Amino acid sequence: MTDLSVDDAIRLQEAWRDRVRIPTERLDPDTATGVDIGYDSASDRLVAVAATIDLATLTVTEVAVAVGTADFPYVPGLLGFREVPMFEIVVGKLRDRPQLLVCDGHGLAHPRRFGSACHLGVATGIPAIGVAKNPPQYSVPDPADQRGSRTGVYDGTDHIGYSLRTRTSVKPVYVSVGHDIGLDEAVDIVLRLTPEYRLPETTRQADRLGRRLLAEMSGDSALSVPSERLASQPGAISEPT
DNA sequence: GCGACAG
DNA sequence: ATCTTGTCGC
């Protein structure tokens, strides 16, 4: 586990939120790197994946993987403390430093304006955007049915994100700035990454590879220890103290 | 006090 | 996050 308490984590978010920068110039990246984590049911093992996609061809140019353990629980609003440490490791394994990170989850559209995408961007110093599958804790009307339609997410008068329809008549995704990029460009890039599917190609590829590896690790593949033997070992399923 | 609550 | 086949609809 971690010695970091929930209260301390919240204080850190409030301290780090001021490090988020939003430039007025465009980034115009050639590639986007998606990061995602897959959790192994029945163990605390997890697999983090980084997948870089060429924005012109939408093909994968590089991937990196890291296996680790979750040392911070899932607490709504504190997702960054659970996932970002592993993201820093996988991103560090990439030969080419990412130009833009695409994170599962929210950026500024977060109760303290410091979602995991901001956390990831500030921690790595790399521009980042957040694309969440579920709405933030702000009320957001649904956009029109057509792909490309969007409605703004507001914190008072501050425009902090968009509910964006990436596929006609399909549930929208929630886009917000993580770090070092403008909201409009973030939306442009998400639309470029979603010509066919609801979720960005970056996270789709990262997620796909993660599941495949998790299946090879604990599934019925020839490389894993037979599950019936593990289950029959006394103490095999109990947590070490 | 009772729910809601990214992944 | 994860457990999971078919099925309703365009």
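Note that this is a predicted model, so its numbers are computed, not measured.
Between A/Asp188 and A/Arg26 a salt bridge is recorded (basic side-chain N to carboxylate O distance below 4.0 Å). The existence of a salt bridge linking A/Arg113 and A/Asp158 is confirmed by a sub-4.0 Å separation between a basic side-chain nitrogen and an acidic carboxylate oxygen. Comment: A/Arg204 does not engage A/Asp207 in a salt bridge, judged by the lack of any side-chain N to carboxylate O separation of less than 4.0 angstrom.
If you measure from atom CG of A/Asp104 to atom C1' of C/dT2, you get 14 Å, rounded to the nearest angstrom. When the P atom of C/dT2 is taken as reference, atom CZ of A/Arg208 falls 16 Å away, rounded to whole Å. Rounding to whole angstrom units, CG of residue A/Leu213 and C1' of C/dT2 are separated by 17 Å.
Near DNA chain B, meaning a heavy atom under 4.0 Å away, there are no residues from residues 144-164 of chain A. Interface residues of residues 189-200 of chain A facing DNA chain B, ordered by number: none; criterion, heavy-atom separation under 4.0 Å. Looking at residues 115-127 of chain A, you'll see A/Gly115, A/Ser116 sit with a heavy atom under 4.0 Å from some atom of DNA chain B.
Counting non-hydrogen atoms under 4.0 angstrom, A/Gly77 reaches a base of the nucleic acid. At the heavy-atom level, A/Tyr74 lies under 4.0 Å from base atoms of the strands shown.
The six-membered or imidazole ring of A/Phe81 lies near that of A/His119, with a centre-to-centre distance under 6.0 Å.
Using modelled atom types and a 3.5 Å distance limit, the side chains of A/Arg147 and A/Thr194 yield a donor-acceptor pair.
For the atom pair A/Leu100 CG and A/Leu55 CG, the distance stands at 7.5 Å (nearest 0.5 Å). A distance of 7.5 Å separates OG1 of A/Thr168 from CG of A/Asp145, quoted to the nearest 0.5 Å.
Two residues are said to be in side-chain contact when any heavy atoms from C-beta on lie closer than 4.5 Å; A/Asp40 and A/Met217 fail this criterion. The closest side-chain heavy-atom distance from A/Val63 to A/Thr52 is not below 4.5 Å. Looking at heavy atoms from C-beta onward, A/Cys118 lies out of side-chain contact with A/His179 at the 4.5 angstrom threshold.
Within 6.0 Å of CZ in A/Arg17 there are more than 12 heavy atoms belonging to other residues, nucleotides or ligands.
Side-chain atoms of A/Thr151 come within 3.5 Å of backbone N or O of A/Pro141 as a donor-acceptor pair. Between the side chain of A/Asp54 and the backbone N or O of A/Thr57, at least one donor-acceptor pair lies under 3.5 Å. Remark: side-chain polar atoms of A/Arg21 are paired, donor with acceptor, to backbone N or O of A/Asp18 under 3.5 angstrom. Side-chain atoms of A/Lys93 come within 3.5 Å of backbone atoms of A/Val65 as a donor-acceptor pair (strictly under, hydrogens ignored).
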With pairs defined as Watson-Crick or G-U wobble and both distances under 3.5 angstrom, please note down DNA chain C as a dot-bracket string, | for pairing with another strand.
..........
Dot-bracket encoding of pairs in DNA chain B, which uses [ ] for pseudoknotted crossings and | for another strand, Watson-Crick or G-U under 3.5 angstrom
.......
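Annotation: cation-pi pair A/Arg45/A/Tyr39 absent, no NZ/CZ under 6.0 Å from the ring centroid and within 45° of its normal.
Taking only side-chain nitrogens and oxygens, A/Arg211 comes nearer than 4.0 Å to OP1 or OP2 of C/dT2.
For DNA chain B, the outermost nucleotides in 5' to 3' order that have an atom under 4.0 Å from a heavy atom of chain A are B/dC5 to B/dG7.
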For salt bridge (charged side-chain N to carboxylate O under 4.0 Å, His left out), just list the numbers for A/Asp71 and A/Arg82, CA-CA rounded to whole Å, side-chain angles, deciding distance to a tenth of an Å, and then say yes or no.
CA-CA 7 Å; A/Asp71 48 38; A/Arg82 181 172 173 79; over 6 Å; no
Given A/Tyr74 and A/Leu79, is the side-chain contact (heavy atoms from CB on, under 4.5 Å) satisfied, shown in steps?
CA-CA 6 Å; A/Tyr74 169 65; A/Leu79 182 62; 3.9 Å; yes
